[in-house]
Each structure stands twice: as C-alpha cells, then as structure tokens.
Amino acid sequence: MMIAAPQLPSAFYRPSLALLTDLYELTMAYGYWKSRRADEEAVFHLFFRRHPFAGGFTVACGLAYAIDWLRNLRFDENDLAYLATLDGADGRLLFEPDFLRRLGQWEFACDVDAIPEGTVVFPHEPLLRVQGPIWQAQIIESALLNSLNFQTLIATKAARVCLAARGEPVLEFGLRRAQGIDGALAAARAAYVGGCEATSNVLAGRLFGIPVRGTHAHSWVMSFGGELESFQAYAEAMPNNCVFLVDTYDTLSGVRHAVEIGRWLRTQGHKLLGVRLDSGDLAYLSIEARKILDEAGFNDAVIVASSDLNERLIASLKEQHAAIGVWGVGTHLVTAFDEPALGGVYKLSALRQPGGPWRRCVKLSEQAAKSSTPGILEVRRYELAGEAIGDMIYDVELGCGDTGDALIVDPQDDTRRKRIASDAQGADLLTPVFRGGRLVYESPPLTAIRDRTRRQLECFSAGIKRFDNPHSYPAGLEPRLHELRKRLILEARGFGS
C-alpha cells in the first residue's frame with residue numbers, strides 16, 4: 001500500500017493563513033507604507049536569550065513549518081474583506097483601501113537564511129535571518145516565532161528525555177494532553193526530531209510519516225469480566241500487536257496473566273511483545289515483572305513504562321536499575337511541562353535605502369541581557385577532532401578573521417573570552433532558504449532531521465548535556481562585532497563621540 005508523502009500545515013488548513021499574525025505587525029506595515037518607507041531594506045534576526053529547562057543546549061526545529069507558511073502566504077479576498085472591517089478608536093477604518101490593495105498584490109521578496117532543523121544552537125545565535133522590504137519582513141514576524149519557538153522547545157525537551165533513556169526507545173504519548181490539534185501535531189513532529197522513535201498520534205503519523213505505536217487502555221480490561229479474559233480477547237483480535245497494560249487491578253498478577261496469554265500466542269505462531277506499566281513504583285514493579293517474564297521464558301518481551309514521565313524521573317529510574325526497555329512520555333513532553341515557552345524574539349538589526357549603505361541598529365533595555373546585537377549576522381561553528389569547541393557570531397560585512405586569530409567574546413560579560421585553536425575547522429551554520437522570495441532550499445526528510453539531531457549531540461561534550469549545572473558552551477561575538485555593539489549602545493545612551 002502506498003503511503004502519502006509527509007504533509008505540512010498548508011495541506012490540511014482550508015482558510016488562508018496570511019492573517020496568522022499579530023495586529024501590530026499589520027499596523028506597522030501600514031505605517032511604513034503611509035510614510036513611504038515600505039520598500040526600505042531591513043534585516044531582522046530570530047533568536048533566543050537563554051536555554052529552556054535550565055539546560056546547556058537547544059535543538060532548532062520548526063523551519064519546515066515556517067517555509068511552508070511563507071511559500072503559501074497570500075492575502076485572499078476574505079482576508080482583505082475582514083481587514084477592511086477593522087476600525088480605530090475614532091470609529092474610522094484602520095487601513096486605507098489602497099494599502100489593502102497592496103496586500104492583495106503580495107509577492108514575497110525577502111531573502112531568508114536559517115540554521116537547519118536538528119542543529120544544536122545557543123543563546124543569541126540567529127536561528128533565522130530575514131532581509132528585504134521592511135513592511136514584508138515585519139508582517140512575517142509573528143508566524144515565524146510561532147513556528148520556531150514551540151517546535152524548538154519540544155525538540156529540546158525530547159532530546160533531553162532521549163538522553164535520559166540512554167539509547168532506549170522513547171515514544172511520544174501526549175496527544176490527549178496537548179494544547180489542541182495544532183499543538184499535538186507540531187509536538188509530535190518536534191518530538192520525533194528530538195529523538196523519539198514513534199508517536200501515538202495517528203494523524204501525525206499520516207501527515208509526517210512518523211511511526212505510530214499503541215495497544216489498549218484500562219477501559220479495554222475493565223469492559224471484560226476479568227483481566228485474563230480481556231488479554232485473551234485482545235490477543236485473538238490483534239495477535240501481532242500484544243503489549244498488555246498490566247496495572248488495571250494488580251500489576252504483578254497482570255504480568256502473570258500476560259505470560260499466560262503469551263504462551264497461547266506462541267502456539268499460534270505469534271509472540272508476546274511486552275507489558276506496560278502505567279502506575280505505582282516503576283522501579284520495583286519493572287524489576288519484579290522482568291523476573292516473572294524471564295522465568296517464563298519471555299526474555300525478549302519488553303517492559304514499557306509511562307505514568308507522567310520526564311527526563312529527571314527517567315534518569316532516577318535508570319539509577320535504580322529499573323528493568324524498563326521502552327519509555328512512553330506524554331504530558332511533560334508535548335506541553336514542555338516545566339517551561340512551557342521558549343523566549344524567542346525577532347529583532348531589527350540593520351536598515352538601508354535600496355542600494356545604499358547599511359545602518360546598524362541596536363535595541364536597548366534596562367536589562368543588559370535584552371540588548372540586541374546589530375548587523376547582518378552569521379554563526380560559525382568551530383570543531384576540533386570531531387568535537388564542537390565554540391561558536392562565533394559575526395557580521396558578514398565585518399567578517400570573522402582567520403582561524404588562527406579567532407576570538408569570541410561573551411555578549412553578557414566581555415571579560416569572558418575564548419581563543420579558538422589555530423587548527424580548528426570552522427563552518428557557517430546559516431543556509432539560504434529564500435532568495436528574493438523564491439524558495440531555494442529543500443527541507444530534508446524528517447528521518448534525516450532526526451539523524452542530524454543525534455549526530456549534532458554527539459559532537460558536544462557531556463558537560464553541556466547534563467541536567468544539573470550544565471557546562472556553558474562558548475558562543476559569543478567576533479571582537480569587531482562586539483566593539484560595534486558596545487559603541488552603538490554607548491551612543492544610544494548618550495555617551496558617543
């Protein structure tokens with residue numbers, strides 16, 4: 001049977017998604033148009049300021065969603081008709097008809113560069129750079145943040161969970177607790193990118209080509225006169241998918257009933273795949289269940305655990321030598337339970353008249369961490385003997401210097417610096433995605449993105465991957481960019497020359 005190629009949101013949303021934006025993006029675009037600045041060229045960068053989960057790394061994800069939205073972005077008649085109904089505080093129309101006609105003639109004209117999905121990234125590094133007419137670059141802000149913030153968060157959470165599982169399969173079980181249909185689908189995709197092996201979400205399986213897994217719930221067992229009867233009926237109905245949920249009544253009795261049905265399955269040419277524990281002392285119960293299964297000759301039957309798992313609980317169970325071979329993680333994964341949002345932002349960093357020189361821009365704040373970095377930014381990652389040793393954020397016009405002279409400066413503390421070894425190899429992370437509004441990038445298959453995450457994590461020291469007090473990976477500014485940023489900040493504060 002042929003399986004349809006993986007799809008993205010534009011394939012299953014019927015209305016136009018052009019209005020997936022905050023109103024202030026449109027009011028600013030209108031303001032640029034009114035002040036005859038719409039075609040002024042701008043550069044924006046999308047980045048985050050700190051790792052989620054108090055961690056030491058983040059996994060970029062969501063670019064394919066962003067690409068799909070951008071390439072299908074059109075303001076249709078219904079969009080324009082709705083915008084024509086909006087009014088201001090004085091009761092007059094918010095947007096002039098000529099501006100709405102301009103929206104109706106939308107042709108995306110920006111250059112977009114992005115760090116590929118599955119790449120390990122760090123604070124202040126541009127995950128995405130947009131260059132083009134300022135009104136267009138402004139309008140697309142909210143949708144880009146929506147796509148990249150959430151999926152980057154979930155991919156990072158999944159990577160942490162998979163690290164805790166130490167190579168054992170992790171299944172994404174979060175559909176029923178996810179934030180709506182969109183949240184469930186995007187989370188299933190991002191969890192797969194982060195390293196999960198499969199999902200329980202069948203629609204995500206169909207749309208994205210992710211393997212799906214699942215057997216039965218407590219209600220199946222409860223609907224029969226007894227547990228043994230329920231297992232027998234399930235085995236007769238689906239002998240090639242028998243992982244029995246054994247904790248409806250008494251967990252270890254449930255394991256013994258699973259063994260009994262497992263013996264019957266063997267007579268039919270099938271096998272008991274495993275049992276699932278969903279409550280109780282998972283360490284103790286898994287060890288005892290393993291004894292029962294092994295003594296009965298079911299050494300290859302796996303023990304699957306669920307029950308509100310997260311990376312720290314999994315790590316604890318591993319330390320207790322729990323006999324669990326597959327981990328089903330739901331709520332804590334798809335909702336990023338302990339930190340439900342990535343603080344990604346989208347900041348203007350350079351402006352110019354078409355064909356003119358660039359004017360670098362910096363955004364200040366009373367909080368030093370919120371001051372932005374000016375310029376047209378790129379990220380260069382340096383590796384030595386296959387291990388990542390430092391990332392340099394640099395301005396493409398200023399350059400990054402020779403490797404032998406490479407130095408990076410912490411953007412939050414310029415006394416913290418790192419010199420890159422002269423024999424290190426550097427490679428830029430941003431890759432062209434759109435040129436003049438034309439798509440020039442082909443998103444890899446989801447399996448390839450997932451493999452990239454695994455390979456990327458292997459390139460970093462164990463210190464950045466630990467959960468408590470992770471090592472701070474060197475990621476900072478090229479010295480000339482650092483000096484430019486400092487000068488612009490001082491000038492903005494009234495201390496310039």
Item to check | Parallel, tilted or perpendicular: rings of Phe95 and Tyr30 (30°, 60°) | outcome: perpendicular
Next on the checklist: Looking at every non-hydrogen atom in both residues, tell me the closest pair between Ala155 and Val193 and how far apart they are.
Outcome noted: CB-CG1, 4.4 Å
Mark yes or no for whether [X], through its side chain, and [Y], through its backbone, hold a donor-acceptor pair below 3.5 Å.
{"X": "Glu311", "Y": "Ala164", "result": "no"}
{"X": "Glu117", "Y": "Gly62", "result": "yes"}
{"X": "Asp22", "Y": "Tyr24", "result": "no"}
{"X": "Gln131", "Y": "Asp111", "result": "no"}
{"X": "Glu478", "Y": "Asp395", "result": "no"}
{"X": "Gln138", "Y": "Met28", "result": "no"}

Item to check | Side-chain donor-acceptor pair present, Arg452, Thr119, cut-off under 3.5 Å | outcome: yes
Next on the checklist: Checking side-chain polar atoms at under 3.5 Å, does Asp428 have a donor or acceptor matched by the opposite partner on Tyr394?
Outcome noted: yes
Name every donor-acceptor pair, under 3.5 Å, that has one atom in a side chain of residues 436-447 and the other anywhere in the protein, sequence neighbours excluded.
none

Checklist entry - Do Lys34 and Phe99 meet the cation-pi criteria used here (NZ or CZ under 6.0 Å from the six-membered ring centre, within 45° of the axis)? => result no
Next on the checklist: For the CZ atom of Arg466 and the CG atom of Leu163, what is their distance to the nearest 0.5 Å?
Outcome noted: 13.5 Å
Next on the checklist: I need the Ser371 OG to Lys347 NZ distance, nearest 0.5 Å.
Outcome noted: 10.5 Å
Flag yes if more than 12 heavy atoms outside [X] fall under 6.0 Å of its [atom1] atom; otherwise flag no.
{"X": "Arg454", "atom1": "CZ", "result": "yes"}
{"X": "Arg102", "atom1": "CZ", "result": "yes"}
{"X": "Arg50", "atom1": "CZ", "result": "no"}
{"X": "Asp413", "atom1": "CG", "result": "yes"}
{"X": "Arg177", "atom1": "CZ", "result": "no"}

Checklist entry - Tell me the ring-ring contact (aromatic ring centres under 6.0 Å, His included) pairs involving residues 135-194, sequence neighbours left out? => result Trp106-Trp135
Checklist entry - Would Asp391 and Lys418 pass as an ion pair if we require N to O under 4.0 Å? => result no
Checklist entry - Does the ring center of Tyr473 lie less than 6.0 Å from the ring center of Phe460? => result yes
Item to check | Identified side chain to side chain contact (heavy atoms under 4.5 Å, CB included) counterpart of Asp414 within the set Glu483, Arg485, His482 | outcome: His482
